[in-house]
Amino acid sequence: MNNKLFVMSAASGAGKTTLKDLVIKDFPDIKYSISATTRAPREGEVDGIHYFFKTKEEFQKMIAEDALVEWNEVHGNFYGTPKSFVEKTLAEGNRVIFDLDVFGKVNFDKVYPDATGILILPPNTEELERRLRGRGTDSEEVIQLRLKNAIKEMEFAQNKGKYEYTIINDDLQKAAAELRAILSMK
């Protein structure tokens with residue numbers, strides 16, 4: 001197993017970003033992979049820190065130039081992992097943690113088959129819905145779409161995904177301890 005690349009996947013609202021933010025500061029040699037996206041920035045998000053925000057035309061150009069490790073359309077927007085970021089970070093001697101949806105992970109595995117997969121699951125769909133509503137960032141239509149997609153994504157990940165580890169995020173501190181243990185393996 002290659003412990004230089006870690007891929008976290010979860011349905012929207014399962015808590016992977018909160019979990020990653022809580023744990024990554026304990027590992028200075030692990031850099032968070034910044035994805036490119038065509039979705040609009042949320043309040044407080046900064047280009048080049050949270051995402052590389054692109055127009056659909058810019059993203060299409062990246063696809064055409066084979067500049068992405070993987071890409072996918074999710075919730076009506078494009079997301080992808082720039083190859084240049086991954087290669088530069090590895091060349092600097094660092095490890096990389098990625099936040100990819102379960103379908104993006106399948107494509108990622110074609111390029112980096114030894115990456116360690118970590119699936120983050122909510123305790124149940126009711127809790128997932130509560131978390132999505134608690135964000136206060138999405139319309140009812142978007143929440144319903146995210147819930148529908150989440151069920152499909154979780155089923156796909158558990159049946160067809162390549163995940164060496166599964167963390168049930170029912171208690172944030174417990175889930176963080178599990179993620180720290182995984183990232184501590186060298």
Side-chain angles (χ1 to χ4, degrees), residues 1-20 23-24 30 32-39 51 59-60 62-63 66-83 85-87 89-90 95-132 138 141-172 174-176 178-183 185:
M1 190 179 327
N2 178 347
N3 286 317
K4 291 198 174 288
L5 302 174
F6 299 90
V7 179
M8 292 176 59
S9 297
S12 180
K16 70 183 173 300
T17 302
T18 301
L19 195 55
K20 181 261 309 166
V23 170
I24 197 169
I30 298 180
Y32 176 64
S33 175
I34 303 170
S35 296
T37 185
T38 59
R39 83 156 169 76
Y51 285 94
F59 200 94
Q60 293 291 341
M62 292 176 78
I63 293 169
D66 196 29
L68 299 165
V69 176
E70 57 77 36
W71 64 272
N72 211 333
E73 186 174 0
V74 182
H75 308 301
N77 292 297
F78 290 99
Y79 293 81
T81 304
K83 284 182 183 177
F85 178 88
V86 178
E87 295 305 323
T89 305
L90 290 174
R95 299 184 292 160
V96 187
I97 191 165
F98 301 84
D99 172 352
L100 300 177
D101 78 1
V102 298
F103 307 111
K105 171 119 174 22
V106 170
N107 294 326
F108 184 90
D109 287 343
K110 292 174 186 172
V111 180
Y112 297 108
D114 293 332
T116 301
I118 306 165
L119 181 63
I120 311 297
L121 295 176
N124 53 53
T125 53
E126 293 79 16
E127 175 62 13
L128 182 64
E129 182 174 358
R130 187 190 70 72
R131 291 176 186 177
L132 287 172
D138 296 319
E141 181 182 347
V142 170
I143 289 170
Q144 291 304 317
L145 177 63
R146 287 184 184 274
L147 283 170
K148 180 179 153 194
N149 288 344
I151 292 166
K152 281 193 265 185
E153 290 171 8
M154 289 185 289
E155 287 174 0
F156 180 87
Q158 292 174 306
N159 297 319
K160 297 181 182 172
K162 183 178 112 22
Y163 294 93
E164 288 76 16
Y165 302 96
T166 299
I167 298 172
I168 307 296
N169 190 10
D170 56 350
D171 175 284
L172 185 59
K174 179 175 151 269
E178 290 178 40
L179 181 57
R180 277 188 199 94
I182 294 165
L183 298 178
M185 295 182 221

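What you see is a predicted model; the values in this text were computed from it and never measured.
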- Item | Sidechain-backbone polar pair: T37 side chain, F78 backbone, donor-acceptor under 3.5 Å | yes
- Item | Residue pair S9 / L100: nearest heavy atoms and the distance that separates them | OG-O, 2.7 Å
- Task: Enter the distance from Y165:OH to L119:CG here, rounded to the nearest 0.5 Å.
- Result: 13.5 Å
- Interatomic distance, NZ@K16 vs CD1@I97, rounded to 0.5 Å, equals 11.5 Å
- Item | Minimal non-hydrogen separation, V96 against S33, with atom names | CG1-CB, 3.7 Å
- Closest non-hydrogen atom pair, I120 against A10: O-CB, 3.1 Å
- Closest heavy-atom pair, L19 versus A175, reported as atoms and distance to 0.1 Å, is CD1-C, 3.6 Å
- Message: For F108, give me all partners under ring-ring contact (aromatic ring centres under 6.0 Å, His included), at least two apart in sequence or on another chain.
- Response: F98, Y112
- Does any non-hydrogen side-chain atom of L5 lie less than 4.5 Å from one of D114? no
- Are any of the side-chain heavy atoms of L121 and M154 separated by less than 4.5 Å? yes
- Parallel, tilted or perpendicular, as decided by the 30° and 60° cut-offs, for the rings of W71 and F59: perpendicular
- Query: Looking at side-chain heavy atoms only, is the closest gap between L147 and T125 below 4.5 Å?
  - Reply: no
- Item | Within-4.5 Å side-chain heavy-atom neighbours: F103 and E70 | no
- Is R39 close to Y79 at the side-chain level, that is, under 4.5 Å between some pair of heavy atoms? yes
- Query: What distance do T17 atom OG1 and Y32 atom OH have between them, rounded to the nearest 0.5 Å?
  - Reply: 5.5 Å
- Note on the structure: Closest heavy-atom pair, S35 versus P82, reported as atoms and distance to 0.1 Å, is CA-CD, 4.3 Å
- Message: Side chains of K83 and V111, heavy atoms from C-beta outward: is any pair under 4.5 Å?
- Response: no
- Query: Got a second to check how far E164's CD is from I182's CD1, nearest 0.5 Å?
  - Reply: 9.5 Å
- Report the distance from atom CD of E178 to atom CD1 of I167, rounding to the nearest 0.5 Å. 5.5 Å
- Ring-face cation contact, F6 with K20, 6.0 Å cut, 45° max: no
- Query: Okay, side chain of K162, backbone of G117: is any donor-acceptor separation there less than 3.5 Å?
  - Reply: no
- To the nearest 0.5 Å, atom CZ of R95 lies from atom CD1 of I30 at 3.5 Å
